[in-house]
Student: 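Below is a structure I'd like to ask you about.
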Amino acid sequence: MSRKNVVPGVLLRSTSVFVRAVGAMVLAAIMMAVLPEVVMACPVCFSGTDENREAFLVTTAFLSLLPLGMVAGTGFWMRRRSREIDAEEFSGSDREID
Amino acid sequence: MTADSATMPIEHGPAPTRREPMVASGVMGMLLFIFTEVMFFAGLISAHTIVRSQTVGEMWPPYGQPRLPVEQTALNSLALLVSGVVLVLAWFAFKRERSAARIPLLLSILLGVVFVGFQGTEWVALLADGLTLQSSTYGGFFYLIVGAHAIHAVGALGGLMWAFHRLDREVLTASQLATVSAFWYFVVMVWPVLYWKVYL
(Lines give C-alpha, C1' and ligand atoms only; values in the text may rest on other atoms or scores of the structure.)
Protein backbone atom coordinates (compact mmCIF):
# COMPACT_ATOMS: atom_id res chain seq x y z
CA MET A 1 0.00 0.00 0.00
CA SER A 2 1.53 3.37 -1.08
CA ARG A 3 1.58 6.42 1.17
CA LYS A 4 -0.59 8.29 -1.37
CA ASN A 5 -3.57 6.00 -0.85
CA VAL A 6 -3.34 5.83 2.90
CA VAL A 7 -3.86 9.49 3.73
CA PRO A 8 -7.28 10.00 2.00
CA GLY A 9 -8.55 6.77 3.45
CA VAL A 10 -7.48 7.82 6.87
CA LEU A 11 -9.13 11.21 6.43
CA LEU A 12 -12.46 9.63 5.31
CA ARG A 13 -12.48 7.23 8.15
CA SER A 14 -11.69 9.90 10.70
CA THR A 15 -14.52 12.38 9.76
CA SER A 16 -18.07 11.96 11.09
CA VAL A 17 -21.10 11.02 8.94
CA PHE A 18 -22.57 14.50 9.35
CA VAL A 19 -19.44 16.21 8.07
CA ARG A 20 -19.29 13.87 5.08
CA ALA A 21 -22.95 14.53 4.26
CA VAL A 22 -22.47 18.29 4.41
CA GLY A 23 -19.39 18.00 2.25
CA ALA A 24 -21.29 15.97 -0.34
CA MET A 25 -24.10 18.56 -0.46
CA VAL A 26 -21.65 21.43 -0.89
CA LEU A 27 -19.89 19.57 -3.66
CA ALA A 28 -23.23 18.84 -5.40
CA ALA A 29 -24.28 22.50 -5.16
CA ILE A 30 -20.99 23.65 -6.69
CA MET A 31 -21.34 21.18 -9.55
CA MET A 32 -24.97 22.22 -10.19
CA ALA A 33 -23.94 25.87 -10.31
CA VAL A 34 -20.93 25.43 -12.55
CA LEU A 35 -21.56 22.51 -14.90
CA PRO A 36 -25.11 22.84 -16.50
CA GLU A 37 -25.76 24.69 -19.75
CA VAL A 38 -28.99 26.56 -20.66
CA VAL A 39 -30.73 24.32 -23.23
CA MET A 40 -33.81 26.49 -23.91
CA ALA A 41 -36.18 23.51 -23.86
CA CYS A 42 -39.18 25.10 -22.13
CA PRO A 43 -41.88 25.68 -24.75
CA VAL A 44 -43.34 28.57 -22.79
CA CYS A 45 -40.16 30.57 -22.27
CA PHE A 46 -38.03 29.48 -25.21
CA SER A 47 -40.29 28.71 -28.15
CA GLY A 48 -39.19 28.95 -31.77
CA THR A 49 -41.27 31.96 -32.79
CA ASP A 50 -42.40 35.10 -31.03
CA GLU A 51 -46.05 34.38 -31.88
CA ASN A 52 -45.90 30.92 -30.32
CA ARG A 53 -44.16 32.12 -27.19
CA GLU A 54 -46.66 34.95 -26.83
CA ALA A 55 -49.55 32.52 -27.35
CA PHE A 56 -48.24 30.28 -24.56
CA LEU A 57 -47.87 33.17 -22.14
CA VAL A 58 -51.25 34.73 -22.95
CA THR A 59 -53.17 31.45 -22.68
CA THR A 60 -51.37 30.55 -19.44
CA ALA A 61 -52.36 33.87 -17.91
CA PHE A 62 -55.90 33.50 -19.28
CA LEU A 63 -56.42 30.02 -17.83
CA SER A 64 -54.95 31.09 -14.49
CA LEU A 65 -56.96 34.27 -14.03
CA LEU A 66 -60.30 33.07 -15.41
CA PRO A 67 -61.31 30.79 -12.48
CA LEU A 68 -60.15 33.40 -9.98
CA GLY A 69 -62.26 36.01 -11.73
CA MET A 70 -65.32 33.76 -11.76
CA VAL A 71 -65.02 32.93 -8.06
CA ALA A 72 -64.42 36.58 -7.13
CA GLY A 73 -67.34 37.73 -9.28
CA THR A 74 -69.65 35.18 -7.71
CA GLY A 75 -68.52 36.21 -4.26
CA PHE A 76 -69.21 39.90 -4.93
CA TRP A 77 -72.59 39.10 -6.43
CA MET A 78 -73.61 36.96 -3.45
CA ARG A 79 -72.44 39.65 -1.03
CA ARG A 80 -74.54 42.25 -2.82
CA ARG A 81 -77.53 39.90 -2.90
CA SER A 82 -77.19 39.26 0.84
CA ARG A 83 -77.20 42.98 1.53
CA GLU A 84 -80.28 43.47 -0.63
CA ILE A 85 -82.13 40.78 1.29
CA ASP A 86 -81.07 42.24 4.63
CA ALA A 87 -82.23 45.70 3.56
CA GLU A 88 -85.60 44.31 2.51
CA GLU A 89 -85.97 42.44 5.79
CA PHE A 90 -85.34 45.58 7.81
CA SER A 91 -87.74 47.55 5.64
CA GLY A 92 -90.40 44.96 6.43
CA SER A 93 -91.40 44.10 2.86
CA ASP A 94 -92.87 40.68 2.10
CA ARG A 95 -91.39 38.54 -0.64
CA GLU A 96 -92.85 35.49 -2.27
CA ILE A 97 -90.88 32.33 -1.90
CA ASP A 98 -91.01 29.96 -4.90
CA MET B 1 -95.88 15.05 40.55
CA THR B 2 -99.64 14.94 40.04
CA ALA B 3 -101.55 13.55 37.08
CA ASP B 4 -102.60 17.09 36.15
CA SER B 5 -99.07 18.34 35.73
CA ALA B 6 -98.32 15.49 33.32
CA THR B 7 -101.12 16.65 31.00
CA MET B 8 -100.36 20.36 30.95
CA PRO B 9 -101.09 21.88 27.55
CA ILE B 10 -98.04 22.87 25.51
CA GLU B 11 -98.03 26.47 24.44
CA HIS B 12 -96.81 26.90 20.91
CA GLY B 13 -94.82 29.98 20.06
CA PRO B 14 -95.11 31.88 16.81
CA ALA B 15 -94.18 29.88 13.68
CA PRO B 16 -90.59 30.51 12.57
CA THR B 17 -90.39 32.77 9.54
CA ARG B 18 -88.81 31.22 6.51
CA ARG B 19 -86.06 33.38 5.13
CA GLU B 20 -85.78 33.59 1.38
CA PRO B 21 -82.59 31.86 0.18
CA MET B 22 -79.93 34.25 -1.07
CA VAL B 23 -79.63 32.34 -4.34
CA ALA B 24 -82.09 29.70 -5.48
CA SER B 25 -80.62 26.21 -5.25
CA GLY B 26 -81.23 25.49 -8.92
CA VAL B 27 -79.52 28.70 -9.98
CA MET B 28 -76.51 28.00 -7.74
CA GLY B 29 -76.16 24.49 -9.10
CA MET B 30 -76.42 25.75 -12.67
CA LEU B 31 -73.81 28.44 -11.98
CA LEU B 32 -71.37 25.82 -10.70
CA PHE B 33 -71.98 23.75 -13.82
CA ILE B 34 -71.51 26.82 -16.03
CA PHE B 35 -68.16 27.51 -14.35
CA THR B 36 -66.92 24.04 -15.29
CA GLU B 37 -68.11 24.48 -18.86
CA VAL B 38 -66.42 27.89 -19.09
CA MET B 39 -63.12 26.25 -18.15
CA PHE B 40 -63.78 23.50 -20.69
CA PHE B 41 -64.17 26.03 -23.50
CA ALA B 42 -61.25 28.08 -22.19
CA GLY B 43 -59.02 25.01 -22.50
CA LEU B 44 -60.19 24.36 -26.06
CA ILE B 45 -59.68 27.98 -27.08
CA SER B 46 -56.21 28.02 -25.51
CA ALA B 47 -55.17 24.87 -27.36
CA HIS B 48 -56.53 26.32 -30.61
CA THR B 49 -54.64 29.57 -30.04
CA ILE B 50 -51.33 27.79 -29.47
CA VAL B 51 -51.67 25.45 -32.44
CA ARG B 52 -52.64 28.35 -34.67
CA SER B 53 -49.57 30.30 -33.55
CA GLN B 54 -47.34 27.39 -34.54
CA THR B 55 -48.36 27.39 -38.20
CA VAL B 56 -45.54 28.05 -40.61
CA GLY B 57 -45.87 31.42 -42.32
CA GLU B 58 -48.99 32.22 -40.27
CA MET B 59 -51.12 30.54 -42.92
CA TRP B 60 -54.47 29.92 -41.29
CA PRO B 61 -56.63 28.24 -42.59
CA PRO B 62 -53.92 25.91 -43.91
CA TYR B 63 -53.39 25.50 -47.63
CA GLY B 64 -56.01 23.31 -49.27
CA GLN B 65 -58.64 23.66 -46.56
CA PRO B 66 -61.99 25.37 -47.31
CA ARG B 67 -62.70 28.79 -45.88
CA LEU B 68 -65.39 29.13 -43.22
CA PRO B 69 -68.62 31.05 -44.03
CA VAL B 70 -67.85 34.09 -41.92
CA GLU B 71 -70.64 36.37 -43.18
CA GLN B 72 -73.44 33.78 -43.00
CA THR B 73 -72.36 32.77 -39.52
CA ALA B 74 -72.36 36.43 -38.48
CA LEU B 75 -76.06 36.63 -39.40
CA ASN B 76 -76.70 33.39 -37.58
CA SER B 77 -74.88 34.74 -34.54
CA LEU B 78 -77.19 37.74 -34.60
CA ALA B 79 -80.17 35.39 -34.32
CA LEU B 80 -78.57 33.78 -31.28
CA LEU B 81 -77.89 37.13 -29.61
CA VAL B 82 -81.46 38.29 -30.26
CA SER B 83 -82.63 35.03 -28.70
CA GLY B 84 -80.75 35.94 -25.52
CA VAL B 85 -82.24 39.43 -25.43
CA VAL B 86 -85.75 38.09 -25.97
CA LEU B 87 -85.24 35.63 -23.10
CA VAL B 88 -84.40 38.56 -20.83
CA LEU B 89 -87.67 40.18 -21.89
CA ALA B 90 -89.44 36.91 -21.16
CA TRP B 91 -88.03 36.98 -17.61
CA PHE B 92 -89.31 40.50 -16.94
CA ALA B 93 -92.69 39.56 -18.44
CA PHE B 94 -92.79 36.51 -16.15
CA LYS B 95 -92.18 38.68 -13.08
CA ARG B 96 -95.05 40.96 -14.12
CA GLU B 97 -97.53 38.30 -15.13
CA ARG B 98 -96.62 34.66 -15.75
CA SER B 99 -98.77 34.13 -18.81
CA ALA B 100 -97.16 37.14 -20.52
CA ALA B 101 -93.88 35.22 -20.82
CA ARG B 102 -95.24 32.60 -23.23
CA ILE B 103 -94.68 34.48 -26.46
CA PRO B 104 -91.16 35.83 -25.73
CA LEU B 105 -90.08 32.44 -24.37
CA LEU B 106 -91.40 30.69 -27.47
CA LEU B 107 -89.70 33.26 -29.70
CA SER B 108 -86.41 32.74 -27.88
CA ILE B 109 -86.67 28.99 -28.41
CA LEU B 110 -87.47 29.40 -32.11
CA LEU B 111 -84.49 31.70 -32.65
CA GLY B 112 -82.28 29.16 -30.90
CA VAL B 113 -83.59 26.38 -33.12
CA VAL B 114 -82.88 28.56 -36.18
CA PHE B 115 -79.31 29.03 -34.98
CA VAL B 116 -78.67 25.33 -34.41
CA GLY B 117 -80.38 24.36 -37.67
CA PHE B 118 -78.39 26.85 -39.71
CA GLN B 119 -75.15 25.68 -38.10
CA GLY B 120 -76.10 22.15 -39.16
CA THR B 121 -76.53 23.19 -42.80
CA GLU B 122 -73.16 24.94 -42.65
CA TRP B 123 -71.56 21.73 -41.43
CA VAL B 124 -73.05 19.74 -44.28
CA ALA B 125 -71.63 22.22 -46.79
CA LEU B 126 -68.19 22.18 -45.15
CA LEU B 127 -68.09 18.40 -45.10
CA ALA B 128 -68.92 18.37 -48.81
CA ASP B 129 -66.06 20.85 -49.37
CA GLY B 130 -63.60 18.54 -47.66
CA LEU B 131 -63.27 19.99 -44.17
CA THR B 132 -63.50 17.02 -41.82
CA LEU B 133 -62.24 16.04 -38.38
CA GLN B 134 -59.33 14.20 -39.99
CA SER B 135 -58.51 16.61 -42.82
CA SER B 136 -56.31 18.86 -40.67
CA THR B 137 -55.92 20.27 -37.17
CA TYR B 138 -57.91 23.22 -38.49
CA GLY B 139 -60.85 20.93 -39.25
CA GLY B 140 -60.41 18.99 -36.04
CA PHE B 141 -60.51 22.11 -33.89
CA PHE B 142 -63.44 23.56 -35.81
CA TYR B 143 -65.70 20.55 -35.33
CA LEU B 144 -64.55 20.02 -31.76
CA ILE B 145 -65.15 23.58 -30.58
CA VAL B 146 -68.23 24.40 -32.62
CA GLY B 147 -69.61 20.90 -32.07
CA ALA B 148 -69.20 21.21 -28.30
CA HIS B 149 -71.08 24.51 -28.43
CA ALA B 150 -73.82 22.92 -30.53
CA ILE B 151 -74.27 20.14 -27.97
CA HIS B 152 -74.58 22.73 -25.21
CA ALA B 153 -77.06 24.70 -27.31
CA VAL B 154 -79.22 21.65 -27.91
CA GLY B 155 -79.22 20.85 -24.19
CA ALA B 156 -80.09 24.43 -23.28
CA LEU B 157 -82.92 24.46 -25.82
CA GLY B 158 -84.23 21.29 -24.24
CA GLY B 159 -84.29 23.08 -20.89
CA LEU B 160 -86.13 26.06 -22.38
CA MET B 161 -88.69 23.77 -23.99
CA TRP B 162 -89.23 22.06 -20.64
CA ALA B 163 -89.78 25.49 -19.05
CA PHE B 164 -92.24 26.45 -21.79
CA HIS B 165 -94.13 23.24 -21.24
CA ARG B 166 -94.40 23.94 -17.50
CA LEU B 167 -95.40 27.54 -18.21
CA ASP B 168 -98.15 26.25 -20.46
CA ARG B 169 -99.47 24.15 -17.57
CA GLU B 170 -99.05 27.17 -15.22
CA VAL B 171 -96.68 25.33 -12.87
CA LEU B 172 -93.42 27.06 -13.78
CA THR B 173 -91.64 28.80 -10.89
CA ALA B 174 -89.30 31.76 -11.08
CA SER B 175 -86.30 29.75 -9.90
CA GLN B 176 -86.93 27.09 -12.56
CA LEU B 177 -87.07 29.71 -15.28
CA ALA B 178 -83.94 31.40 -13.90
CA THR B 179 -82.07 28.09 -13.87
CA VAL B 180 -82.72 27.16 -17.50
CA SER B 181 -82.27 30.78 -18.59
CA ALA B 182 -78.81 30.92 -16.97
CA PHE B 183 -77.62 28.05 -19.14
CA TRP B 184 -79.00 29.67 -22.31
CA TYR B 185 -77.29 32.96 -21.40
CA PHE B 186 -74.02 31.03 -21.08
CA VAL B 187 -74.53 29.45 -24.54
CA VAL B 188 -75.32 32.86 -26.03
CA MET B 189 -72.42 34.72 -24.42
CA VAL B 190 -69.74 32.13 -25.10
CA TRP B 191 -70.56 32.03 -28.84
CA PRO B 192 -69.09 35.47 -29.76
CA VAL B 193 -65.77 34.40 -28.22
CA LEU B 194 -65.80 31.14 -30.15
CA TYR B 195 -66.79 32.94 -33.36
CA TRP B 196 -63.95 35.44 -32.92
CA LYS B 197 -61.29 32.79 -32.28
CA VAL B 198 -62.44 30.09 -34.73
CA TYR B 199 -64.01 31.95 -37.67
CA LEU B 200 -61.96 35.18 -37.79
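Model, not experiment: these values are computed from the prediction.
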Student: List the atom of B:Met22, the atom of A:Ile85, and the distance in Å for their closest heavy-atom pair.
Tutor: CA-CD1, 3.5 Å
Student: Roughly how far, to the nearest 0.5 Å, is the CE atom of A:Met70 from the OG1 atom of B:Thr36?
Tutor: 8.5 Å
Student: Which of these, A:Thr59, A:Thr60, A:Val58, sits in a side-chain contact (heavy atoms from CB on, under 4.5 Å) with B:Ser46?
Tutor: A:Thr59
Student: With clusters defined by side-chain heavy atoms of hydrophobic residues (ILVMFWY) lying less than 4.5 Å apart, directly or transitively, does B:Val116 cluster with B:Val86?
Tutor: no
Student: Spell out, yes or no, whether B:Tyr185 and B:Phe40 are grouped together once hydrophobic residues are joined by side-chain heavy atoms under 4.5 Å, including indirect joins.
Tutor: yes
Student: Hey, could you give me the CG/CZ distance between A:Leu66 and B:Phe41, rounded to the nearest 0.5 Å?
Tutor: 13.0 Å
Student: Answer yes or no: is there a side-chain heavy-atom contact under 4.5 Å between A:Pro67 and B:Met39?
Tutor: yes
Student: At a 4.5 Å cut-off on heavy atoms, which part of B:Ile45 comes close to chain A: side chain, backbone, both, or neither?
Tutor: neither
Student: Show, in sequence, the C-alpha distance, side-chain angles and deciding distance for B:Phe35 and A:Val71, and conclude whether the side chain to side chain contact (heavy atoms under 4.5 Å, CB included) test is met.
Tutor: CA-CA 9 Å; B:Phe35 287 169; A:Val71 170; 5.6 Å; no
Student: Rounded to the nearest 0.5 Å, how far does CE of A:Met78 lie from CG of B:Leu31?
Tutor: 9.0 Å
Student: Does B:Val114 share a hydrophobic cluster with B:Leu87, counting links as ILVMFWY side-chain heavy atoms below 4.5 Å and allowing steps through other members?
Tutor: no
Student: Rounded to the nearest 0.5 Å, how far does OG1 of B:Thr49 lie from CD of A:Glu51?
Tutor: 13.5 Å
Student: Are A:Phe62 and B:Phe141 linked, directly or through other ILVMFWY residues, by side chains that come within less than 4.5 angstrom of each other?
Tutor: yes
